[in-house]
Amino acid sequence: SPPRPPSVGAAVRRRRMRKRTVVGSVLVVISARWLVVRHHEAFPVIVPKSTDLLPDRVQAFLRDFNLTERLDAELVAYHAEQIARPGLHPDAPKQKRHPVVIVPGLSSCGLEVWKAHPCLGDTFFRRRIWGEVSMAEAMLSNWTCWLHHLQPDPVTGMDREGVRVRPAKGLRSSDYFITGFWLWAKLIENLADMGYNEDDITLACYDWRLALPLLEKRDRYMTGLRHDIEKAMAVSGERVVLIGHSMGSNLALYFMKWVERSSPGWCDRHIASFVNIAGALLGATGPLAAFYSGEMDATAAMGPLASYVDTLALSFDEMREIYWCFGSLGALLPMGGSAVWGSSKSGWTDAPVDTVAFPPEMQGAPETLEELYASLSDETSGLPLREYPAWTEYERGLIKPDAAGADHRRLSNPLASALPDAPNMKIFCMYGTSQPTERAYSYGLRGARWRFADNGGRAGLPEGRLFRWSGTKDMDEIADDMRDYGKELSNANRTIKIDARGTTLTFANISEAVAYIDGLVQGSAGVDRWIRINTSRHSEATEDPWDNDVPDALYSYGVAKTDGDTTVPLVSLGYMCTHGWRDLPEYNPGKVPVWTKEFQHDPLFIFSDPRGGPATAKHVEIIGNHELITDLMHIVAGNSTALERDVIRSNMTQIGPIITRRIRAAME
């Protein structure tokens, strides 16, 4: 008898299986196209010039889904970019000269586990807790354990008991953060085009969590960097080019001043050029918000969702304590005080906005950076921050430099310590501009809720008797509620609980609770526990004070922005380079020549390159900017004459003189 036809169910299953196979195969092809074309550096493959060179089955899939032309265009663009790579350009330098030493930025160096807590297991020895896929593995398997290894001891600022984490070493320590996400790989590749090899390039990675002075105390980092530079010079016969990026520039300056204390003239003899790429030389405001309230622009922009984040795995209060444990962040708090950053009390500099603004009803609230720092370190404030190395290891004020440089806390502050006496060393400052960057924050008391502690599960509040807590309200509204309830004698002496997303306080009666809230509204000690960025504050443009197409001093979700590179404000990126080390001789006694080049941010469409492409000038991605890489190649080749001039695109030439006048007035 003839075979029975297959059942409808089986036929449907087979069609679904074929469909899944086709779709899955196409997704694999598309994913492979993306990884190979856009992140080819991570894979030891040869990228074809055309889809004609792909296997027949792959070509068939591409034709079925009309992807052939699109992928061919991507391949053409990829090979065009390879030809345009700075190191392959006909006019690119072809001969290496100076050894290269690179100091990466904050969080750019991989961190390896050398001694693990039992919660991490026995298989994590020398695997990365920061960077590479192993980081994700540790985070997903046990978030609390991962954080325990990453967070330094809050008192010593170094290793926790039973844990030892150290920075990765060699060129692989910071070439990629994870597979496909490049950091210094592009520069290394182009230096290789000049003839450089691993012996000529030092990636001086460090434990970016530690306060800068603790790097020497625990790891002898400064001593090791000195020996690396001396060895490179001894082998090559040439002085080195020292490159710093972001906080790496701050660390490089710290190192140069550190070594000069014991060996005057060392920098002049060993360093040909210092290249500062996007250095936060005078700090940044993002770390300030993180230190003060555990927030920043990213959390403020979430608006109402931020209140839910505060109740998840880590509240903003807990995040703030984690930031405090990272001693390195203390080196990135704004330096120079009101003379640099301005205020409504002392006058403006780069933007008509207070770095930190409080509600007018908060009497005695800080109005300047100096007052804010004083309130944070005040012994009566009850804040533990004053005990953390992130706070104690740095001087952030405006101080005339001392010749001996005896106070190590000053070495990371360009306005409290001088450049080395090194007239034969050159400094090149390079950074991006014309990008909205966090500059100021508007704070207010966060909302809270309250209840009677003895309510037996029923609050008996205006919102209804079914709820244990009141609704979340402003502090003054809560005080009014409690006053109303206090009018009934039976409520006057009942115990009160107030909750503000993770912080709960208990009061013996309504009078005590109301008095506490009134004190908060007026800015009493301890108010920091209840402060949050006022995400409801928005402002509209009435004028463009600098005519730079950047929304200077306009609030959006309580955060005001100004010109910068998306991470560091312009005043920190550029002032010392364009004016400070030129106008104020006490900070540059050796008359080290300094030149500045600002890069215009010109990104590709996000779907073409999510990192911005060869003309990006964002804070991190600028180290892959083709023009900047070309400039670096000329500097390390000893052909920097054409770069020994300023290229200023921002309004730094207008802002600089204002700050210089204010610094001189403050120093008199």
Side-chain angles (χ1 to χ4, degrees), residues 250 253 276 279-285 288 333-357 366-374 395-403 410 412-419 427 429 431 433-434 437 439-440 543-548 550 552-553 560-564 568-598 645-668:
N250 299 55
L253 285 171
N276 157 40
L281 301 186
L282 295 177
T285 50
L288 179 64
L333 293 178
M335 291 171 269
S338 299
V340 173
W341 299 89
S343 72
S344 55
K345 186 175 183 179
S346 62
W348 311 119
T349 54
D350 63 320
V353 63
D354 285 306
T355 303
V356 176
E367 297 182 62
T368 65
L369 272 176
E370 291 87 345
E371 293 177 2
L372 180 67
Y373 288 161
E395 170 58 60
R396 301 175 182 87
L398 184 62
I399 303 175
K400 287 185 178 180
D402 61 310
R410 298 186 182 186
S412 60
N413 182 352
L415 290 174
S417 58
L419 283 176
I427 294 181
C429 298
Y431 55 84
T433 61
S434 304
T437 303
R439 174 62 176 81
E543 61 177 338
D544 185 357
W546 296 111
D547 191 27
N548 59 0
V550 174
D552 289 295
K561 298 188 177 183
T562 188
D563 196 356
V568 182
L570 176 65
V571 66
S572 179
L573 291 166
Y575 173 72
M576 292 307 300
C577 301
T578 59
H579 291 81
W581 287 324
R582 295 175 176 178
D583 299 344
L584 304 167
E586 55 265 48
Y587 295 109
N588 187 3
K591 299 181 180 180
V592 178
V594 184
W595 296 282
T596 301
K597 183 173 183 178
E598 296 182 342
R645 61 187 181 90
D646 289 338
V647 179
I648 307 298
R649 305 175 187 276
S650 70
N651 53 307
M652 197 65 240
T653 54
Q654 299 162 278
I655 296 173
I658 298 174
I659 298 176
T660 296
R661 288 195 298 269
R662 292 166 62 93
I663 290 176
R664 282 178 172 156
M667 300 278 279
E668 291 178 353

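Counting from 1, the numbers follow the sequence of the chain as shown.
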Please check this pair: side chain of [X] against backbone of [Y], looking for a donor-acceptor N/O pair closer than 3.5 Å.
X	Y	value
T578	G574	yes
S417	R410	yes
E598	S650	yes
N588	R582	no
R664	D583	yes
D646	W595	no
S346	G342	no
W341	M335	yes

Answer yes or no: is there a side-chain heavy-atom contact under 4.5 Å between [X] and [Y]?
X	Y	answer
L570	D350	no
N250	S412	no
T349	R662	yes

So T596 and Y431, side-chain hydrogen bond (donor to acceptor under 3.5 Å, both in side chains) or not? Walk me through it.
CA-CA 8 Å; T596 301; Y431 55 84; 5.3 Å; no

Distance check, rounded to the nearest 0.5 Å: [X] atom [atom1] versus [Y] atom [atom2]?
X	Y	atom1	atom2	value
K561	T285	NZ	OG1	10.0 Å
L281	N413	CG	CG	10.5 Å
L419	W581	CG	CH2	5.0 Å
R396	E370	CZ	CD	12.5 Å
L573	D563	CG	CG	8.5 Å

Measure across [X] and [Y] and return the closest heavy-atom pair with its distance rounded to 0.1 Å.
X	Y	answer
S343	S338	OG-OG, 4.2 Å
Y587	P414	CD2-O, 3.2 Å
V568	G279	CG1-O, 4.5 Å
C577	V594	O-CG1, 3.6 Å
D354	A440	O-CB, 3.0 Å
L288	T355	CD2-CG2, 3.7 Å

Check L253, V340, L415 against M576 for a side-chain contact (heavy atoms from CB on, under 4.5 Å) and give me the one that passes.
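In the set L253, V340, L415, the residue that makes a side-chain contact (heavy atoms from CB on, under 4.5 Å) with M576 is L415.
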
Ring pair (Phe, Tyr, Trp, His ring centres under 6.0 Å) against W348, all qualifying residues, sequence neighbours excluded:
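W348 satisfies ring pair (Phe, Tyr, Trp, His ring centres under 6.0 Å) with no other residue.
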
Identify, with sequence neighbours excluded, every residue that meets side chain to side chain contact (heavy atoms under 4.5 Å, CB included) alongside E668.
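Scan of E668 (side chain to side chain contact (heavy atoms under 4.5 Å, CB included), adjacent residues dropped) gives none.
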
